[in-house]
Amino acid sequence: MSRSPAAAALKRRTFALAAAALSLAPIAALAQADFPAKPITIIVPFSAGGTTDILARVVGLYMSRDLGQPVVVDNRAGAGGNIGGQAAARSPADGYTLFMGTVGTHAINQSLYKKMPFDPIKDFAPLTRVAMVPNLLVANPSQPFKNVKEMIAYAKANPGKINFGSSGNGSSIHLSGELFKQMAGVDMQHVPYRGSAPAVSDLLGGQISVMFDNMPSAIPHVKGGKLRALAVTTAKRSPALPDVPTIAEAGVPGYEATSWFGLLAPAGTPAPVVAKLNASILKALADPEVKKKLAEQGAEPFGEKPEQFAAFIQSETLKWGKVVKESGASLD
């Protein structure tokens with residue numbers, strides 16, 4: 001049977017495309033073997049000077065030494081991290097653009113925001129968690145409770161009388177409080193602020209009762225005697241405040257709420273590149289100088305394999321999705 005001219009042309013084109021793909025395969029493999037051959041950018045979805053930015057710069061500096069290429073930070077703040085997340089998700093999947101994700105961008109926002117500009121699961125290839133940062137349950141010293149059990153008893157005897165401040169609706173500080181309410185079975189009033197600083201200011205002044213604040217900003221006030229540390233929100237005690245119990249051991253078994261940070265690449269990044277980046281980050285997190293700098297931020301280094309980080313993100317998404325839903329928090 002004779003083949004039509006159109007069919008013959010299509011067959012020739014198919015063969016040509018296949019041959020071109022085969023000829024490019026060694027080039028792509030060579031490019032991956034030589035990775036990185038140019039500077040790497042870490043997109044940070046928050047402004048300079050914050051914990052996310054500091055962690056990216058500390059780890060990025062070590063990676064640049066290890067990989068032999070500059071690692072630069074690009075701050076893309078806004079919309080709770082979604083602006084930076086969108087920019088990273090749309091970047092080429094070649095390993096030269098990374099993203100410093102957080103519990104907000106990759107576990108909370110998709111339940112909090114009605115519309116997301118990216119899919120935290122499908123649009124990213126996890127590399128590793130970088131650090132875990134505890135929140136600290138602190139109270140104004142004038143409050144009539146000195147520990148978690150007394151706080152729960154007071155809250156149950158006085159429903160709605162305890163108010164807790166946060167850096168804003170849907171923040172990890174806010175949801176740490178909502179999780180506490182759910183697990184302890186107490187009624188407390190949430191007071192959102194535009195940032196952690198004004199909330200801490202009102203806590204110091206006695207306008208609010210308690211706060212589940214990020215440890216780096218709370219520790220100075222605790223050590224200065226201006227705030228009372230009741231418990232840390234992590235599963236284990238913090239080396240920064242070893243005498244302060246966890247919320248779980250202080251009266252709410254199973255409670256854990258941690259601010260975490262991790263590096264990711266756009267989905268589709270070649271496996272050899274992912275492996276090389278993961279190895280470099282793990283080296284950084286094991287370096288004594290890096291450990292010291294992270295500890296100064298109240299952060300605990302946390303390195304793992306990409307598949308472990310992926311599983312962790314999935315579990316955190318389910319956990320915080322439930323908390324957001326029960327809290328009623330929502331943002332446009």
Side-chain angles (χ1 to χ4, degrees), residues 51 103-104 108 112 133-235 237-238 240-241 243-259 298 320 322-324 326-331:
T51 302
V103 61
I108 294 174
L112 183 66
V133 178
N135 286 338
L136 185 64
L137 172 56
V138 287
N140 185 286
S142 66
Q143 293 300 309
F145 43 82
K146 293 182 173 61
N147 55 53
V148 172
K149 287 185 178 180
E150 290 181 3
M151 175 180 166
I152 293 173
Y154 181 81
K156 289 184 175 181
N158 302 274
K161 191 168 183 179
I162 295 179
N163 48 31
F164 70 100
S166 81
S167 53
N169 282 315
S171 64
S172 66
I173 295 175
H174 168 209
L175 295 182
S176 291
E178 294 293 344
L179 182 63
F180 181 87
K181 285 172 56 179
Q182 294 170 19
M183 294 186 70
V186 296
D187 178 17
M188 303 191 305
Q189 296 299 313
H190 173 229
V191 183
Y193 289 81
R194 291 187 176 182
S196 177
V200 172
S201 178
D202 271 8
L203 179 62
L204 292 168
Q207 283 77 27
I208 55 176
S209 311
V210 300
M211 187 173 173
F212 294 78
D213 194 24
N214 291 140
M215 185 170 281
S217 61
I219 283 180
H221 301 299
V222 170
K223 291 185 175 180
K226 296 180 180 179
L227 292 178
R228 178 183 295 148
L230 302 183
V232 293
T233 63
T234 41
R237 295 193 181 196
S238 170
L241 292 172
D243 295 331
V244 177
T246 67
I247 289 179
E249 64 184 355
V252 188
Y255 181 97
E256 182 180 5
T258 307
S259 294
W320 292 113
K322 180 182 177 182
V323 175
V324 170
E326 292 188 11
S327 73
S330 179
L331 294 173

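- In terms of heavy-atom proximity, Val103 sits nearest to Ser259 at CG1-CA, 4.2 Å.
- For the pair Glu150 and Asn147, the tightest heavy-atom approach, listed with the atom from each and the gap, is N-OD1, 2.8 Å.
- Contact annotation: the side chain of Pro192 never approaches that of His174 to less than 4.5 Å [non-hydrogen atoms, C-beta and beyond].
- The aromatic rings of Phe212 and Phe164 lie perpendicular to each other, with more than 60° between the two planes, well past the 30° mark.
- Inter-residue side-chain proximity for Leu137 and Met151 is flagged as met; some heavy-atom pair is nearer than 4.5 Å.
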Problem - Residue pair Val210, Phe145: steps toward the side-chain contact (heavy atoms from CB on, under 4.5 Å) verdict - result: CA-CA 11 Å; Val210 300; Phe145 43 82; 3.8 Å; yes
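- Ion pair Glu326/Lys181 not flagged as a salt bridge, since none of the NZ, NE, NH1 or NH2 atoms sits closer than 4.0 Å to an Asp/Glu carboxylate oxygen.
- Under a 3.5 Å cut-off, the side chain of Asn140 and the backbone N or O of Ser209 do not form any donor-acceptor pair.
- With rounding to the nearest 0.5 Å, the separation of OG in Ser327 from CG in Leu112 is 8.0 Å.
- Residues Leu204 and His221 meet the side-chain proximity criterion, which asks for heavy atoms closer than 4.5 Å.
- Here the CE atom belonging to Met211 is positioned 8.5 Å from the OH atom belonging to Tyr193, to the nearest 0.5 angstrom.
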Exercise for the section: Please step through side-chain contact (heavy atoms from CB on, under 4.5 Å) for the pair Lys156 and Ile152, ending with a clear verdict. Expected result: CA-CA 6 Å; Lys156 289 184 175 181; Ile152 293 173; 3.8 Å; yes
Practice task
Quick one: do Val138 and Leu203 satisfy side-chain contact (heavy atoms from CB on, under 4.5 Å)? Show the steps, please.
Solution key: CA-CA 9 Å; Val138 287; Leu203 179 62; 3.7 Å; yes
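- Taking each heavy atom of Ala240 and Met215 in turn, the nearest pair found is CB-SD, 4.1 Å.
- When all heavy atoms of Thr246 and Ala235 are compared, the closest pair comes out as CG2-O, 3.7 Å.
- No donor-acceptor pair closer than 3.5 Å links the side chain of Arg228 to the backbone N or O of Ala139.
- Distance check: His190 NE2 to Asn163 CG gives 10.5 Å after rounding to the nearest 0.5 Å.
- Val244 and Ala231 get closest at one heavy-atom pair: CG1-CA, 3.5 Å.
- Side-chain contact, Ser176 with Thr233: no donor N or O sits under 3.5 Å from an acceptor N or O.
- Separating the CG atom in Leu230 from the NZ atom in Lys149 is a distance of 14.0 Å, to the nearest 0.5 Å.
- The side-chain heavy atoms of Val148 and Phe180, taken from C-beta on, include a pair separated by under 4.5 Å.
- Closest of all the heavy-atom pairs between Ser172 and Asn214 is OG-ND2, 4.3 Å.
- Annotation: side chain of Leu136 is not in contact with side chain of Asp213 (no heavy-atom distance under 4.5 Å).
- Pro245 is listed as a side-chain neighbour of Arg237, based on a closest heavy-atom distance under 4.5 Å.
- The distance from the CD1 atom of Ile162 to the CD atom of Gln143 is 6.5 Å, given to the nearest 0.5 Å.
- Put simply, CG on Leu331 and CG on Asn169 are 6.5 Å apart, with the number rounded to the nearest 0.5 Å.
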